[in-house]
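In this chain, numbering begins with 1 at the start of the sequence shown.
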Amino acid sequence: MTQSNEFTQQAKENALWAMAWQTMEFQKFYEQYLNQVSPEVSLPVGFVDNVFVVMESDPKTGVMVKNYAKNAQYTGTFAVPVIAGAGIVIAALFLLGTHIKFYRNSDGKWEFLVEHTAAQSEILEKIVEALVRIMNSK
């Protein structure tokens, strides 16, 4: 699956961030996991692109994520100040909840399980690898 280059990186980040905040549950989720991700986290190259591709290819979220990105890129409707990497990681975890399950093992390390076997499983595996590095680096 190819990555979407139709939108800027900032538009993709804004779209993911805005989509997560559209649900009432996200604020609680965000507060619960905010202290689990280092605020200074640097997102791995391709992380946002990969999350965006998964959201874009999902029939439930594809149109919505493209609309959010288009608005963020062209009209500024959903544009927000630069979002910290930790915020994007938490939004990604929330939005990918139907694809990836995560939990702490007995050693206190985060583990991730891809539960969705779809065409984008290779991309999901890349996302999981990045999440393992990010979440277990703190």
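In this structure Val63 satisfies the side chain to side chain contact (heavy atoms under 4.5 Å, CB included) test together with Asn67, sequence neighbours excluded. Every side-chain hydrogen bond (donor to acceptor under 3.5 Å, both in side chains) that Asn105 has, sequence neighbours left out, goes to Glu111. Remark: Gln32 pairs with no residue by the side-chain hydrogen bond (donor to acceptor under 3.5 Å, both in side chains) rule, at least two apart or across chains. Under the side chain to side chain contact (heavy atoms under 4.5 Å, CB included) criterion, Glu25 pairs with Thr23, Phe94, sequence neighbours left out. For Tyr30, the ring-ring contact (aromatic ring centres under 6.0 Å, His included) partners at least two apart in sequence or on another chain are Trp17, Trp21, Phe26.
Leu43 approaches Glu13 most closely through the heavy-atom pair CD1-OE2, 4.3 Å. Considering all non-hydrogen atoms of both residues, Ala91 and Ala20 come closest at CB-CB, 3.9 Å. Between Val41 and Gly85, the closest heavy-atom pair is CG1-C, 3.4 Å.
Taking 4.5 Å as the limit, every side-chain heavy atom of Leu95 sits out of range of all side-chain heavy atoms of Val51. Looking only at side-chain heavy atoms (C-beta outward), Leu96 and Met55 come within less than 4.5 Å of each other. Taking 4.5 Å as the limit, some side-chain heavy atom of Ile134 sits within range of a side-chain heavy atom of Pro44. Inter-residue side-chain proximity for Val54 and His99 is flagged as met; some heavy-atom pair is nearer than 4.5 Å. Using a 4.5 Å heavy-atom threshold, the side chains of Lys109 and Arg104 count as separate.
Taking the ring centre of Phe52 as origin, the terminal cationic atom of Lys12 falls inside the region bounded by 6.0 Å and 45° from the ring axis.
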Would you please test Leu131 and Leu93 for side-chain contact (heavy atoms from CB on, under 4.5 Å) and show each step?
CA-CA 9 Å; Leu131 287 170; Leu93 286 170; 3.7 Å; yes
* Asked: What's the verdict on side-chain contact (heavy atoms from CB on, under 4.5 Å) for Val89 and Met135, showing C-alpha distance, side-chain angles and the deciding distance?
  -> CA-CA 9 Å; Val89 169; Met135 298 292 285; 4.2 Å; yes
query = Between Glu129 and Phe112, does a side-chain contact (heavy atoms from CB on, under 4.5 Å) hold up when you go through it step by step?
reply = CA-CA 9 Å; Glu129 289 171 8; Phe112 298 84; over 6 Å; no
- Query: What's the verdict on side-chain contact (heavy atoms from CB on, under 4.5 Å) for Leu113 and Ile100, showing C-alpha distance, side-chain angles and the deciding distance?
  - Reply: CA-CA 6 Å; Leu113 173 67; Ile100 300 172; over 6 Å; no
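Between Phe7 and Tyr68, the distance separating the two ring centers is not shorter than 6.0 angstrom.
Within the model, atoms CD1 of Ile127 and CD of Glu122 stand 11.5 Å from one another, a figure rounded to the nearest 0.5 Å.
Side chain of Asn50 to main chain of Gly46: a donor-acceptor pair is present (N/O by atom type, distance under 3.5 Å, no hydrogens or angles).
There is no side-chain donor-acceptor pair under 3.5 Å between Gln10 and Thr8.
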